[in-house]
Amino acid sequence: MYQHIKIPAEGRKITVNSDFSLNVPDNPVIPFIEGDGTGVDITPVMIKVVDAAVAKAYGGKRKISWMEIYAGEKSTRLYGQDTWLPAETLEAVKEYVVSIKGPLTTPVSGGIRSLNVALRQQLDLYVCLRPVRYFDGVPSPLREPEKTNMVIFRENSEDIYAGVEWQEGSAEAKKVMDFLIKEMGVKKIRFPASSSIGIKPVSKEGTERLVRKAIQYAIDNDKPSVTLVHKGNIMKFTEGGFRDWGYHLAQKEFGATPIDDGPWCKLKNPHNSKEIIIKDSIADAFLQQILLRPNEYSVIATLNLNGDYISDALAAQVGGIGIAPGANMSDSIAMFEATHGTAPKYAGKNYVNPGSMILSAEMMLRHMGWTEAADLIIASMGKSILSKQVTYDFARLMEGATQVSCSGFGEVMIKNM
Ligand SMILES: NC(=O)C1=CN([C@@H]2O[C@H](COP(=O)(O)OP(=O)(O)OC[C@H]3O[C@@H](n4cnc5c(N)ncnc54)[C@H](OP(=O)(O)O)[C@@H]3O)[C@@H](O)[C@H]2O)C=CC1
Ligand SMILES: O=C(O)CCC(=O)C(=O)O
Ligand SMILES: [Mg+2]
């Protein structure tokens, strides 16, 4: 049925019920994309660690059948030089419901557009979920890194990130510019003849579905607040719209009521009657607040580009993007991936930290309901870091550490399960 994807001889598909809950067989087929750059290093280590955790947690009763699917450079080698994201890869991600991917390269300026963004857009994986937590012993630039404990809900399908833009000098850029100046009366473009131009779509619908997920997460996970992060003072109708639609949704769907004269509002968690505060922060101020007063923030709902910047900034506070996991999700499909990219200078050197990808897999196991295996991974990650046998990124900042390779860290984790 597939051209290059080999369906494992054993294993069954995960399926989705009408209420979006999952039916997970004991031997699910999980598609994975190895990834470009350091993907060749971290992906096999992630698979080894996950297999070990599952074997240990379920004594052979459960097992993942991994199925390689292709995107990026490996895909061009297999399917032909222009095929960066084969249709059958998208099909497999949809059909098998839960998958995991390594990082994929996007060139700067010219060349192909981001395959990561294409996957998110074409599968409508509108939530980018990135939890940020501290593991004891991780070297951090902060004095009290344990105070950083946030979960980012980044809108994953809209914004300037969608890549609707035209290059300076092109006929298209000129056409858009003419339309803006002649038909829309725009006078504020400083250098119209030599501007590239981009469009920033932000919708009510896109905002509402993202903020709904963030508030529901706060309710289900007993979180004290949801902060809408935006630059709505400057981009009034896009980022300001995000803020206003977010507050409105909190009131309309979750019964939130204004605090004083608003716009902050609060709702009662139906599970335990605790208050959840819905507040907002302007993005530049937010970036200094998370350094100075991180414990005031919990669940973060934000637009696509802000979410990208905030993800790496928060990751740095708890030790860097070597241990920053994530997921891209629609209501039914979930594709897990690290926050970091392909780190090309380290590619193929068995050097980088596989922690982000392993923790992304831990999120995947939890999403599948395999909590015992997920718990083993978290416990082993904590123990391994405390043992100070760590990859270069931590070793260079830790006193008395023994530097291990990428695969070496995987072995340490398996030993510590
Ligand atoms: N979702 C995805 O697939 C993503 C893809 N990308 C793409 O990746 C490519 C490279 O992007 P770039 O901006 O260099 O960002 P990267 O995230 O790839 O790397 C930036 C720096 O982060 C550190 N780092 C990255 N990965 C690890 C790891 N596993 N362990 C420890 N440290 C790590 C390294 O720091 P140091 O130098 O200090 O050692 C590295 O130089 C680009 O093409 C970009 O578009 C980027 C982000 C996400
Ligand atoms: O798609 C890319 O190359 C970069 C994406 C990215 O940085 C992110 O999603 O965090
Ligand atoms: Mg990023």
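These numbers come from a predicted model, not from an experiment. Both counts, for ligands and for their atoms, begin at 1 and track the order of listing.
Not one N or O on the side chain of Thr76 forms a donor-acceptor pair closer than 3.5 Å with the backbone of Trp84. Glu88 places a side-chain N or O within 3.5 Å of a backbone atom of Gln3 that can act as its donor or acceptor partner.
In summary, the atoms of ligand 2 found under 4.0 Å from a heavy atom of Arg130, numbered by their order in the structure, are 8 (C), 9 (O), 10 (O). Per-residue contacts place Ser114 under 4.0 angstrom from the following atoms of ligand 2 (heavy atoms of the residue considered): 1 (O), 2 (C), 3 (O). Of all atoms in ligand 2, numbered sequentially from 1 with element shown, those under 4.0 Å from a heavy atom of Asp308 are 6 (C), 7 (O), 8 (C), 10 (O). Proximity to Arg120 (heavy-atom distance under 4.0 Å) selects the following atoms of ligand 1: 1 (N). The distance from ligand 1 to the heavy atoms of Asn116 drops below 4.0 Å at these ligand atoms: 1 (N), 2 (C), 3 (O), 4 (C), 5 (C). Heavy-atom contacts of Gly322 reach the following atoms of ligand 1: 30 (N), 31 (C) (cutoff under 4.0 Å). Close approach of ligand 2 to Thr106 (heavy-atom distance below 4.0 Å) involves ligand atoms 1 (O), 2 (C), 3 (O). Residue contact check: Tyr161 has heavy atoms under 4.0 Å from atoms 4 (C), 5 (C), 6 (C), 7 (O), 8 (C), 9 (O) of ligand 2. Set against the non-hydrogen atoms of Arg120, the atoms of ligand 2 under 4.0 Å away are 8 (C), 9 (O). Those atoms of ligand 1 that come under 4.0 Å of a heavy atom in Pro103, given as number and element, are 3 (O). Near Asn116, meaning under 4.0 Å from any of its heavy atoms, are these atoms of ligand 2: 1 (O), 2 (C), 3 (O). With ligand atoms numbered from 1 in the order given, ligand 1 contributes 31 (C) to contacts under 4.0 Å with heavy atoms of Asp393.
Side-chain contact between Pro294 and Met150 is present, with at least one heavy-atom pair separated by less than 4.5 Å. At least one side-chain heavy atom of Met177 sits less than 4.5 Å from a side-chain heavy atom of Ser195.
Remark: Ser99 pairs with Pro31, Val93, Met335 by the side-chain contact (heavy atoms from CB on, under 4.5 Å) rule, at least two apart or across chains.
In terms of protein heavy atoms, atom 9 (C) of ligand 1 is closest to Thr342 OG1, 3.1 Å. For atom 41 (O) of ligand 1, the closest non-hydrogen atom of the protein is Lys345 CE, 3.6 Å. For atom 1 (N) of ligand 1, the nearest non-hydrogen atom of the protein is Glu337 OE1, 3.0 Å. For atom 34 (C) of ligand 1, the nearest protein heavy atom (residue, atom name, distance) is Tyr392 OH, 3.6 Å. Remark: minimum distance from atom 40 (C) of ligand 1 to any protein heavy atom is reached at Ala343 CB, 4.3 Å. Residue, atom and distance of the protein heavy atom nearest to atom 14 (O) of ligand 1 are Pro344 CD, 4.4 Å. Atom 16 (P) of ligand 1 has its closest protein heavy atom at Gly341 N, 3.5 Å. Distance from atom 26 (N) of ligand 1 to its nearest protein heavy atom, with residue and atom name: His340 CG, 3.4 Å.
In this structure, Gln167 places its CD atom where only 12 or fewer heavy-atom neighbours from other residues, nucleotides or ligands lie under 6.0 Å away. The environment of Glu10 atom CD is sparse: at most 12 non-hydrogen atoms of other residues, nucleotides or ligands sit within 6.0 angstrom. The environment of NZ in Lys204 is sparse: at most 12 heavy-atom neighbours from other residues, nucleotides or ligands sit within 6.0 Å.
The nearest pair of heavy atoms linking Leu359 to Ile323 is CD1-O, 3.8 Å.
Here's the thing with Leu104: one of its N/O atoms is less than 3.5 angstrom from an N/O atom of ligand 1.
Ring pair His230/Phe286: centre-to-centre distance not below 6.0 Å. Ring pair Tyr58/Trp370: centre-to-centre distance below 6.0 Å.
Between the Mg ion (ligand 3) and the N, O or S atoms of Asp308, the shortest distance is to OD1.
Stacking of Arg133 on the aromatic ring of Phe135 is recorded, both the 6.0 Å distance cut-off and the 45° axial limit being met. For Lys174 and Phe179, the positive end is not near the middle of the six-membered ring at less than 6.0 Å and at most 45° from its axis.
A donor-acceptor contact under 3.5 angstrom links the side chains of Ser65 and Asn27, judged on distance only. Counted by atom type alone, Lys101 and Asn116 present one or more donor-acceptor pairs between their side chains at under 3.5 Å.
We find the CD1-CD1 distance between Ile300 and Ile310 to be 7.0 Å, quoted to the nearest 0.5 Å.
Between Arg209 and Asp124 there is a salt bridge, with a side-chain nitrogen of the basic residue lying less than 4.0 Å from a carboxylate oxygen of the acidic one.
Distances from atom 11 (O) of ligand 1 to the protein include no heavy-atom value under 4.0 Å. Inside a 4.0 Å radius of atom 18 (O) of ligand 1 there is at least one protein heavy atom.
Considering each of Tyr351, Phe394, Phe409, Tyr346, the one bringing a non-hydrogen atom nearest atom 39 (O) of ligand 1 is Tyr346. Selection from Thr105, Ile321, Val352 by nearest heavy atom to atom 22 (O) of ligand 1 gives Ile321.
The salt bridge (Lys or Arg N to Asp or Glu O under 4.0 Å) contacts involving residues 306-325 comprise nothing, where partners must be two or more places apart or lie in separate chains.
With a 4.0 Å heavy-atom cut-off, ligand 1 is reached by the backbone of Thr339 but not by any atom from C-beta on. In Glu337, neither the side chain nor the backbone holds a heavy atom less than 4.0 Å from any atom of ligand 2. Neither the backbone nor the side chain of Tyr309 comes within 4.0 Å of ligand 2, counting heavy atoms alone. With a heavy-atom cut-off of 4.0 Å, Arg113 does not touch ligand 2 at all. Of the heavy atoms in Thr106, both backbone and side-chain atoms come closer than 4.0 Å to ligand 1. By the criterion of a heavy-atom distance under 4.0 Å, both the backbone and the side chain of Asn353 are placed next to ligand 1.
Remark: distances from the non-hydrogen atoms of Met357 to ligand 1 are all 4.0 Å or more.
Taking the six-membered ring where tryptophan is involved, the planes of Tyr346 and Tyr351 are tilted, since the angle between them lies from 30° to 60°.
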